[in-house]
Amino acid sequence: MNARFRRAMAPLVLVGALAAAACGRGDHSSSGDFKIAIVTRNFTNPYWAALRDGAMAEAAKLGVKVTVQAGQSETDADGENAQISTMAAQGFNCFGVVPVNGTNVITPLTAVARKNIPILDLDTQIDPDASKAAGVSYASFIGSDNVEAGKTAGQEMLKALGGTGKVAVLQGIAGEQNGINRDKGFNDAVAGKLQVVQEAPADYEQDKGLQVTEAILKAHPDITGIYAANDTMGLGAAQAIKNAGKSGQIKVISTDGIQAALDATKSGSLTGTVTQYPYAEGQIAVQSCLALHQGKKLPARVVSPIAFINSDNVAAQISAFPKPIVTFDNPVEGLLNK
């Protein structure tokens, strides 16, 4: 799911030449130049920074131009929308967008849709009905299966607690679909086995994860497990547990697989993390834009990989970070003209 800093105003750009001529879809700024715009929530959260880094690395590999911009925080819908509105007038040929919530990006994306520029919905699903009403459509949704991620976390929590116990859940941003899906997956997996005594949002932020966990520990001092819908909240929970003198007594499982969570898993302060590989999402986004430029049709949904990382495989994941240690089917890569 940290202290926030203001975003740098200069765009992060990797420049390379694409030899192919523009393919006639969307506006093309100059002879053969192909520019990809990616907008995400922020760069303070290492998850979104990893998505950016994957996109930039793949752009360098494929020889295309990519600009990645973001808002200032997980909930900065206005800042994210301003970035999209600005970039909509800058001659980009393909957009990939991670929304803050199901509807915030639809209004600024109408200007992109009117130019017939393809748009990719990344990581978090944008409301399809509201999009249709606004005349905005998406070439593909690229993201991991968040229900499955929550289910995996629930199954692993059951193992860690021996199939019984009281647990709490740190949710993400209230109303945000990824968090809702992870919560559902977790609750479905533990239903009738573990008692979920409290669920509370902590906005995917570490300091809020700490504060909410402190309150949970006071209200439910006998809990034995916490599931956090992202790693930064999980790290906050682990710190609250340590501050309360309960290290080792309460299992913490989170989601994302950021570097700090891997380190915490190695040290034992986290039981594990369901890694979602945003780096791979960034790579697939760039591949997808290029495939569209080459006239290919994308699958309606491209599922990026997940894996549970614990003490057994954390060393391998740290060594490979931020790349996956699991194999997965990437249908987009096979579409590209080599």
Side-chain angles (χ1 to χ4, degrees), residues 1 102 123-125 143-204 208-238 240-242 244 246-257 261 264-265 268-276 301 303-314 326:
M1 329 262 217
D123 192 88
T124 306
Q125 188 138 31
S144 55
D145 186 334
N146 284 285
V147 174
E148 186 64 27
K151 179 180 177 182
T152 298
Q155 291 168 340
E156 295 297 334
M157 185 67 79
L158 282 167
K159 293 178 187 177
L161 298 183
T164 185
K166 295 181 179 180
V167 298
V169 176
L170 298 184
Q171 302 165 317
I173 300 166
E176 188 263 352
Q177 194 62 47
N178 283 357
I180 292 170
N181 289 348
R182 293 171 194 174
D183 190 21
K184 172 177 168 42
F186 181 84
N187 277 281
D188 286 351
V190 305
K193 301 167 186 175
L194 301 180
Q195 182 183 353
V196 179
V197 297
Q198 186 172 343
E199 298 184 82
D203 294 348
Y204 292 133
K208 290 186 180 180
L210 186 151
Q211 294 163 12
V212 172
T213 301
E214 287 175 340
I216 289 173
L217 293 177
K218 290 177 182 177
H220 305 281
D222 58 344
I223 65 168
T224 53
I226 293 177
Y227 170 56
N230 87 328
D231 283 339
T232 49
M233 294 189 300
L235 292 168
I241 290 167
K242 181 179 179 181
K246 294 189 173 185
S247 296
Q249 300 175 39
I250 301 172
K251 306 295 184 182
V252 180
I253 293 175
S254 54
T255 299
D256 278 351
T265 299
S269 57
L270 286 184
T271 301
T273 175
V274 183
T275 304
Q276 293 200 287
R301 178 171 185 178
V303 181
S304 56
I306 63 172
F308 184 66
I309 306 299
N310 61 12
S311 58
D312 295 335
N313 58 359
V314 68
V326 294

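Worth knowing before you read on, the calculation uses all heavy atoms, side chains too, and leaves out hydrogens, waters and symmetry mates. Along the sequence shown, the residues carry numbers beginning at 1.
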To the nearest 0.5 Å, what is the distance between [atom1] ([X]) and [atom2] ([Y])?
X: Lys242; Y: Ile250; atom1: NZ; atom2: CD1; result: 14.5 Å
X: Leu217; Y: Lys246; atom1: CG; atom2: NZ; result: 5.5 Å
X: Ile309; Y: Glu156; atom1: CD1; atom2: CD; result: 10.5 Å
X: Leu158; Y: Gln155; atom1: CG; atom2: CD; result: 8.0 Å
X: Ile226; Y: Ile253; atom1: CD1; atom2: CD1; result: 11.5 Å
X: Glu176; Y: Asn181; atom1: CD; atom2: CG; result: 8.5 Å

[X] versus [Y]: any side-chain heavy-atom pair under 4.5 Å?
X: Phe308; Y: Thr275; value: no
X: Val314; Y: Asn310; value: no
X: Met233; Y: Lys208; value: no
X: Ile306; Y: Glu148; value: yes
X: Met157; Y: Thr271; value: no
X: Arg301; Y: Asp145; value: yes
X: Phe186; Y: Lys151; value: no
X: Leu161; Y: Val167; value: yes

Show the nearest heavy-atom pair for residues [X] and [Y], with the distance to one decimal.
X: Ala174; Y: Pro201; result: N-CB, 4.5 Å
X: Val274; Y: Ala149; result: CG2-O, 3.7 Å
X: Gly172; Y: Ala229; result: N-CB, 4.2 Å
X: Ile216; Y: Ala168; result: CG2-CB, 3.8 Å
X: Leu194; Y: Gly163; result: CD2-C, 3.9 Å
X: Ser144; Y: Ser304; result: N-OG, 3.0 Å

Q | Verdict with supporting geometry, Gln171 and Asp203, side chain to side chain contact (heavy atoms under 4.5 Å, CB included) | A | CA-CA 7 Å; Gln171 302 165 317; Asp203 294 348; over 6 Å; no
Q: Begin from the C-alpha positions of Asn178 and Tyr204 and carry the test side chain to side chain contact (heavy atoms under 4.5 Å, CB included) through to its verdict.
A: CA-CA 11 Å; Asn178 283 357; Tyr204 292 133; 4.1 Å; yes
Q. Gln276 pairs by side chain to side chain donor-acceptor pair (under 3.5 Å) with which of Thr255, Asn146, Asp231, Asp123?
A.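 Single side chain to side chain donor-acceptor pair (under 3.5 Å) partner of Gln276 among Thr255, Asn146, Asp231, Asp123: Asn146.
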(Q) Tell me if a side-chain donor or acceptor on Asp183 pairs with a main-chain N or O of Gly179 at a distance below 3.5 Å. (A)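 Side chain of Asp183 to backbone of Gly179: no pair is present.
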Q) Does the Ser254 side chain pair with the main chain of Gly234, one donor and one acceptor, at a distance under 3.5 Å? A)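 Absent.
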**Q.** side chain to side chain contact (heavy atoms under 4.5 Å, CB included) evaluation trace for Lys166 with His220
**A.** CA-CA 9 Å; Lys166 295 181 179 180; His220 305 281; over 6 Å; no
